Amino acid sequence: MSSAEPTEQTGPAVRSHPEHAQRPEHPQRPEHPQRPEHPQHSERPGHTPRPAPVPGLAESARLLADSTTTSTALVAAALARIEAAQPTLNAFRHLRAEAALAEAAEADRRLAAGERLPLLGVPVAVKDDTDVAGLPTHFGCDGERPPVTTDSEAVRRLRAAGAVIVGKTNSCELGQWPFTEGPAFGATRNPWNTAHTPGGSSGGSAAAVAAGLVPAALGSDGAGSVRIPAAWTHLVGIKPQRGRVSVHPHHDAFQGLTVNGPLARTVADAALLLDAAAGAHPDDFHRPPAVRAFDAARRDPGRLRIALAWRPPLTLTGAGPDPEVRRAVTALAETLARLGHHVEEARPRYGLIGLTFVPRATAGIAEFAARHPEPALLDPRTRSALRTGTRLGGRVVRAARAREVRQHRRIGGLFDAYDVLLTPTTAAPPPRIGTFDQLSAWRTDVTMAAACPYAWPWNVLGWPGINVPAGFTRSGLPVGAQFLGPSRGEERLIALAAQLEDDLRWYEHRPPV
């Protein structure tokens with residue numbers, strides 16, 4: 001622990017000192033036969049039997065490489081599931097049915113010729129903020145947009161790995177809220193309970209993966225927008241280091257807050273998609289050295305020092321975790337202690353980090369909103385953020401960004417004493433659809449900050465985090481916990497998440513829809 005940057009501590013929570021046995025490296029696990037449903041979920045009325053599990057990302061790649069199936073079969077099945085679920089979940093904004101099937105047929109020819117790539121022929125989805133040649137990029141907005149002519153760098157890399165992009169998933173308007181609803185496309189619904197949101201802004205990607213429509217999907221995270229919907233749909237969601245996955249053509253999206261990251265049902269699948277999408281465009285501002293995420297998912301993390309933090313940064317809402325969230329995260333911390341890690345409560349020194357987040361976030365919204373060809377179609381709350389971001393742009397946002405180095409030192413002091421920070425991903429379970437309807441911009445921000453106070457500081461810092469499923473409320477709604485690390489710390493977080501997954505086997509629990 002740095003003497004200049006001490007970490008405030010509360011009383012101990014759960015501690016464990018015995019060394020745990022070294023976990024052998026394991027190959028990517030196949031989809032396991034289903035065990036009985038999660039007890040809290042199986043008590044819900046109206047439960048219906050699940051269909052056969054859909055193979056995950058790594059399993060799909062293995063089946064294709066072994067000639068056990070074809071890309072055409074996998075892509076056609078994914079498209080059929082998407083179309084069948086669309087009236088209920090509304091997860092997709094655009095489908096590429098004809099193009100995806102043509103690309104699948106070409107992948108089958110390449111596979112038959114002996115070519116092998118990490119994702120050759122595997123169907124995946126990307127978010128509506130991501131450029132895919134031939135489709136418009138609405139980013140959750142209403143109105144007409146012409147198709148773009150060039151893939152984003154992340155999509156280019158996914159294609160280079162052999163993936164077949166089946167479509168683009170819904171996002172709230174300019175990715176600014178933890179729900180995926182809007183006049184342009186309606187409401188995207190949570191497959192665990194369709195009366196509730198899957199979260200946002202990557203809610204379409206989360207709903208699609210949780211429901212088994214696609215084995216994995218790319219999202220983006222500017223204030224928790226991968227981790228929050230992952231928590232609320234029982235998924236693994238990785239927010240990588242800033243620059244790990246290119247945001248080109250934007251270079252420095254939302255004043256450096258936003259990164260692209262994967263959502264999947266298993267750690268290995270999320271890591272595989274991260275490896276496939278990772279890498280910089282020549283014009284990118286941020287270019288961290290490469291990591292081997294999929295290898296990390298098969299590596300023992302060792303015995304780690306884990307800080308459990310309940311108090312979120314100052315948001316002026318007085319928010320703390322819902323009792324059911326606290327119960328779930330406490331149980332997860334106890335599991336980590338049983339696995340041999342040292343876990344204790346601590347308090348990161350966040351300071352007034354929100355004063356630097358707001359100018360960067362609103363200036364980013366203003367930059368995107370100003371490009372909309374029909375500003376009158378934007379949500380009134382977006383227009384309010386545009387005005388605020390315009391006022392706080394220039395000198396104020398430059399000053400906010402200049403404080404990042406000091407924030408790294410202050411908050412990073414935690415990692416002198418600990419290896420990983422554990423917090424709830426959200427303070428509340430997923431809200432009901434329509435919770436944010438008709439709220440003013442101020443009330444939306446307050447309600448949002450109270451429900452989701454934990455994720456956004458790591459966007460300010462640019463450091464990695466990963467959501468892991470933490471269980472369910474008594475009514476069957478998923479909640480999550482996040483592992484947060486220092487700069488370029490993805491591999492340790494992924495290894496820890498994979499060890500926890502081996503014990504909890506959360507991928508065996510599937511939603512009814």
Side-chain angles (χ1 to χ4, degrees), residues 13-26 28-29 58 221 226-227 230-231 234-241 244 261-275 291-309 328-346 348 412 414-425 454-455 458 461 463-471 479-507:
V14 284
R15 291 190 173 96
S16 180
H17 298 276
E19 296 294 335
H20 63 283
Q22 287 290 307
R23 181 167 64 100
E25 290 201 351
H26 53 79
Q28 162 63 18
R29 63 182 69 84
D221 189 315
V226 162
R227 290 162 289 155
H234 198 66
L235 296 178
V236 176
I238 301 176
K239 175 217 172 296
Q241 176 77 19
R244 177 75 60 216
L263 294 115
R265 291 181 53 248
T266 69
V267 176
D269 281 356
L272 181 59
L273 191 65
L274 177 58
D275 279 344
V291 296
R292 297 171 67 90
F294 187 68
D295 288 348
R298 297 179 289 176
R299 185 184 308 149
D300 192 287
R303 182 173 180 269
L304 302 179
R305 304 162 299 170
I306 300 174
L308 170 59
V329 177
T330 297
L332 188 144
E334 290 169 348
T335 300
L336 291 168
R338 175 173 55 77
L339 291 171
H341 303 290
H342 176 86
V343 184
E344 67 180 18
E345 290 189 15
L414 178 92
F415 297 108
D416 293 337
Y418 301 100
D419 301 303
V420 173
L421 173 62
L422 167 66
T423 79
T425 302
Y454 291 104
W458 249 243
L461 301 173
W463 293 349
I466 178 169
N467 175 81
V468 294
V479 295
Q482 57 178 352
F483 296 145
L484 303 170
S487 179
R488 304 172 183 177
E490 288 100 325
E491 290 189 0
R492 175 178 287 162
L493 302 181
I494 288 168
L496 177 61
Q499 182 193 47
L500 185 66
E501 178 182 89
D502 282 347
D503 188 85
L504 297 180
R505 301 169 69 91
W506 52 60
Y507 49 85

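Note that the structure is predicted; figures quoted are calculated from it, not measured.
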For [X] against [Y], the heavy-atom pair lying closest together:
X: A230; Y: N467; answer: C-ND2, 3.4 Å
X: A309; Y: L421; answer: CB-CD1, 3.7 Å
X: V329; Y: G480; answer: CG2-O, 4.1 Å
X: W506; Y: R265; answer: NE1-O, 3.5 Å
X: L422; Y: A333; answer: CD2-CB, 4.0 Å
X: G489; Y: P464; answer: N-CG, 3.5 Å

[X] versus [Y]: any side-chain heavy-atom pair under 4.5 Å?
X: P424; Y: V479; answer: no
X: Y507; Y: R505; answer: yes
X: L500; Y: F483; answer: yes
X: I306; Y: H342; answer: no

Rounded to the nearest 0.5 Å, how far apart are [atom1] of [X] and [atom2] of [Y]?
X: D419; Y: L496; atom1: CG; atom2: CG; answer: 9.5 Å
X: I466; Y: L493; atom1: CD1; atom2: CG; answer: 7.0 Å
X: I494; Y: D295; atom1: CD1; atom2: CG; answer: 10.5 Å

(message) If only side-chain N and O atoms count, and only distance matters, is there a donor-acceptor pair under 3.5 Å linking Q241 with R488?
(response) no
N/O donor-acceptor pair under 3.5 Å between [X] side chain and [Y] backbone:
X: R305; Y: A417; value: yes
X: D503; Y: L339; value: no
X: R227; Y: A455; value: yes
X: Q482; Y: Y454; value: yes
X: R303; Y: G340; value: yes
X: K239; Y: W463; value: yes
X: H341; Y: L304; value: yes

(message) One pair to check against side-chain contact (heavy atoms from CB on, under 4.5 Å): E344 and L308. What are the steps and the verdict?
(response) CA-CA 6 Å; E344 67 180 18; L308 170 59; over 6 Å; no
(request) Let me see the working for V468 and L504 under side-chain contact (heavy atoms from CB on, under 4.5 Å), right down to the final yes or no. (result) CA-CA 11 Å; V468 294; L504 297 180; over 6 Å; no
(message) Taking R292 first and then E491, would you say they form a salt bridge - that is, a charged N and a carboxylate O separated by under 4.0 Å?
(response)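 Salt bridge between R292 and E491, a charged N being under 4.0 Å from a carboxylate O: no.
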(message) The test is side-chain contact (heavy atoms from CB on, under 4.5 Å); show your working for V236 and L263 and say whether it passes.
(response) CA-CA 6 Å; V236 176; L263 294 115; over 6 Å; no
